[in-house]
**Q** 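Mind having a look at this structure? Questions to follow.
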Amino acid sequence: MSHVAVENVHGLDQQLAALDLSSADVQGVTGRRYIPPHLRNKEAAKNDAPGGWDNGRSNGFVNGYHDGRDNRMNGGSSFAGRGPIRSDRGGRGGFRGFGYDNKDAGGWNVPKDNAYNSFGGRSDRGKSSFFNDRGSSSRGRYERGGFGGGGNSRWVEECRDEDWSKPLPPNERLEHELFSGSNTGINFEKYDDIPVEATGHNGPQPIDSFHDLEMGEIIMGNINLSRYTRPTPVQKHAIPIIKSKRDLMACAQTGSGKTAAFLLPVLSQIYTDGPGEALQAAKNSAQENGKYGRRKQYPISLVLAPTRELALQIYDEARKFSYRSHVRPCVVYGGADIGQQIRDLERGCHLLVATPGRLVDMMERGKIGLDYCNYLVLDEADRMLDMGFEPQIRRIVEQDTMPPKGLRQTMMFSATFPKEIQILARDFLEDYIFLAVGRVGSTSENITQKVVWVEENDKRSFLLDLLNATGKDSLTLVFVETKKGADALEDFLYREGYACTSIHGDRSQRDREEALHQFRSGRCPILVATAVAARGLDISNVKHVINFDLPSDIEEYVHRIGRTGRVGNLGLATSFFNDKNGNITKDLLDILVEAKQEVPSWLESLAYEHQHKSSSRGRSKRFSGGFGARDYRQNSSSGGGGFGGRGGRSTGGHGGNRGFGGGGFGNFYSSDGYGGNYSQVDWWGN
DNA sequence: AAAAAAC
């Protein structure tokens, strides 16, 4: 294989040295011969690794993981010598029953009970006999509740003549809970010159300040509490578009504030307009079904997301911006107790965040009616409309009681939006404005992107070196392609003494949420993840995203690395590339060039080879099968443009790699059997 | 040869 000849120039040691990590305290690189970290200092490990924490790495820290960290105390003696505890795994730490279980005991919606206190201060509310029957401990939570309060006639009366534009009284405890998070403020000042494209007739002027538009007392109050100073570029444009009741397809870079870009104007509009017909519908449902527990909710706004954790995250944002309002946000998603979710819905639901499957379930159970849903948001819209999700979206949007397009307002957001999916998306939009902030599908220049050649067998060793070079207190997100691969890598890292956890679709929802929590909190600063964590998740302090396995399409890559470098912060993304990744070569190269990143000359050469060997490759495979007769390939962004066709591109100037670009290197690869492989392989079948 | 999304 090609590796033989590459080794001297692009061996692991040289590549590591070139990575330029901030605390590049990488071992085993000094000598000529690369020594895998887990084979180094085996003797020393026995002596200087008390408790086995750093398992042979004697440079004083293991991934910034201190002996003094408090997770150590959770370990029983049985963990001596085995590394940190994974408190999210039942079998490992014996630690379950502390964290999540505790939360569970109080009901997963405990925070929402607090949210409901936003109705507090009205001592006359919700004192139904139903809740008063309960024991004192639960009454404390429920008696300030509002709409869900059981007695229907009272509830109906209370809902009458409410002015939704006026804030409800503050609640200090809830306010603290919602807004004490650390990184709510977004600093996007330096992006004023970002290119913006808005097409569609009569688009409104962008705003420059949150005060430029009348968003109402409640929204402005919550913006202040969130410490938002100025709108981000996507917010500047999307907010006035949504406020002027236009449909919208919006593309903006990862981490640029898309969630608030739709939540703020939608909620603002709901506060201004009030509940309208939805209130009457819920009232009727309540009257027809006298018993508590039979009521159907008619949300005014629906937000759909492709993963459960993202839905949860959007819901958490919605809680902030609905503080002190009459709007009660809810979230429903699979893998969690549906009974709990139903009970929560029945306490009132005006803005619903959902994953598609569970929402369909709720609709079929008669718990949710979309008849009065005036606002529909598809977050990560290209994912929501791809082959896996499209039927469910049509089921929800087109084949039920939701108002048709034109009557409802539809908004779509994503960082990537392949042309093929944009065409599909038009089915759901009416007279929409297309908004592109930055170039669609491009990456933030705040992210330093590195691509390194690593053979499969070297990946683990290389990963350990990267982890060891990562500073303390910074989070590292490691993406793999398969769920099995995630488990295997997590086990490996665990055995090597790293505080890590994992998230993927085969883990229980409880474990998934716990893993994310452990990662977010820094307790487990390494998270091994599949695509489930690629999109939308906003985790502060992710310093390094590692593509242990590169994804097969470039959109996935863009979203993955977008977990770092958010809201103006700097981030690092390192991708392991080898001859299994030929399918992404060209698109990856384009992304690197566009984001003004250093391009390894071997990647350039490979892209050139690839272009020659198979001209019709691109992202087409994702779209060629699933959409019937329509030709979605016509716009494939990866089809055109030859190697030499990229204007203004310098092929030299890549430092140490100079001299290996150009035809010679490429010829070497192809003569070595590399190229021949690629023209044949269809990556997930055929 | 995959991930995700309901039970």
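Every chain is numbered from 1, with letters handed out A, B, ... down the list of sequences.
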**Q** May I have the distance from A/Glu390 (atom CD) to B/dA5 (atom C1'), rounded to whole angstrom?
**A**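 Rounded to the whole Å, the gap is 15 Å.
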**Q** Considering just the side-chain nitrogens and oxygens of A/Lys484, establish if one lies under 4.0 Å of OP1 or OP2 belonging to B/dA2.
**A**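 For B/dA2, OP1/OP2 do not have a side-chain N/O of A/Lys484 under 4.0 Å.
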**Q** Output the rounded distance in Å from CZ (A/Arg560) to C1' (B/dA4).
**A**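 A/Arg560 atom CZ is separated from B/dA4 atom C1' by 13 Å.
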**Q** Examine distances only and state if a side-chain atom of A/Asp587 and a backbone atom of A/Ile584 form a donor-acceptor pair shorter than 3.5 Å.
**A**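 No, A/Asp587 side chain to A/Ile584 backbone: no donor-acceptor pair under 3.5 Å.
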**Q** Categorize A/Gly388 for me: base, sugar-phosphate, or nothing, with a 4.0 angstrom heavy-atom threshold over every strand shown.
**A**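 Answer is base: heavy atoms of A/Gly388 come under 4.0 Å of a base.
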**Q** What residues, two or more places apart in sequence or in another chain, satisfy side-chain contact (heavy atoms from CB on, under 4.5 Å) together with A/Ala531?
**A**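 In terms of side-chain contact (heavy atoms from CB on, under 4.5 Å), with neighbours along the sequence ignored, A/Ala531 is linked to A/Glu556.
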**Q** Expressed as a whole number of angstroms, how long is the span from A/Ile503:CD1 to B/dA3:P?
**A**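 Taking atom P of B/dA3 as the reference, CD1 of A/Ile503 is at 14 Å.
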**Q** Could you check which of B/dA4, B/dA2, B/dA6 has an atom nearest any side-chain atom of A/Thr355?
**A**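 My answer, after comparing the listed nucleotides, is B/dA6.
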**Q** Whole angstrom is fine here: how far is it from CG in A/Asp379 over to C1' in B/dA4?
**A**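 It is 15 Å, rounded to the nearest whole Å.
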**Q** Answer yes or no: is there an ion pair linking A/Arg495 with A/Asp491, defined by an N-O contact shorter than 4.0 Å?
**A**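 A/Asp491 and A/Arg495: not salt-bridged.
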**Q** What nucleotide, of B/dA4, B/dA6, B/dA2, holds the atom closest to the side chain of A/Thr482?
**A**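 Nearest to the side-chain atoms of A/Thr482, counting from C-beta on, is B/dA2.
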**Q** Starting at CZ of A/Phe389 and ending at C1' of B/dA5, how long is that distance when rounded to a whole Å?
**A**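 These atoms are roughly 4 Å apart.
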**Q** I need the CZ-P distance between A/Arg535 and B/dA5, as an integer number of Å.
**A**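 One finds 13 Å between P of B/dA5 and CZ of A/Arg535, rounded.
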**Q** Reckon A/Thr530 has a side-chain N or O less than 4.0 Å from the OP1 or OP2 of B/dA2?
**A**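 No, outside the criterion.
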**Q** With heavy atoms under 4.0 Å as the rule, sort A/Arg512 into base, sugar-phosphate or nothing.
**A**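 Contact class for A/Arg512: sugar-phosphate only.
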**Q** Please determine, for the side chain of A/Thr307, which listed nucleotide (B/dA6, B/dA4, B/dA2) has the closest atom?
**A**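 For A/Thr307, the side-chain atoms sit closest to B/dA4.
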**Q** When all nucleic acid strands are considered with a 4.0 Å heavy-atom cut-off, which category describes A/Val360: base, sugar-phosphate, or nothing?
**A**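 A/Val360: no heavy atom of the nucleic acid under 4.0 Å.
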**Q** Give a yes/no answer on whether the side chain of A/Arg365 brings an N or O atom under 4.0 Å of OP1 or OP2 in B/dA6.
**A**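 No, because none of the side-chain N or O atoms of A/Arg365 sits under 4.0 Å from OP1 or OP2 of B/dA6.
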**Q** What integer distance in Å separates A/Tyr557:OH from B/dA2:P?
**A**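 From A/Tyr557 OH to B/dA2 P: 24 Å.
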**Q** Can you measure A/Asp337 atom CG to B/dA6 atom P for me and round it to whole angstrom units?
**A**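 Interatomic distance, CG of A/Asp337 to P of B/dA6: 14 Å.
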**Q** Report the residues that fulfil side chain to side chain donor-acceptor pair (under 3.5 Å) with A/Tyr432, sequence neighbours left out, ordered by chain and then residue number.
**A**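 A/Tyr432 satisfies side chain to side chain donor-acceptor pair (under 3.5 Å) with A/Arg426 only.
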**Q** For the pair A/Asp361 and A/Arg365, evaluate salt bridge (Lys or Arg N to Asp or Glu O under 4.0 Å) and give the outcome as yes or no after the intermediate values.
**A** CA-CA 6 Å; A/Asp361 196 350; A/Arg365 288 169 187 245; 2.8 Å; yes
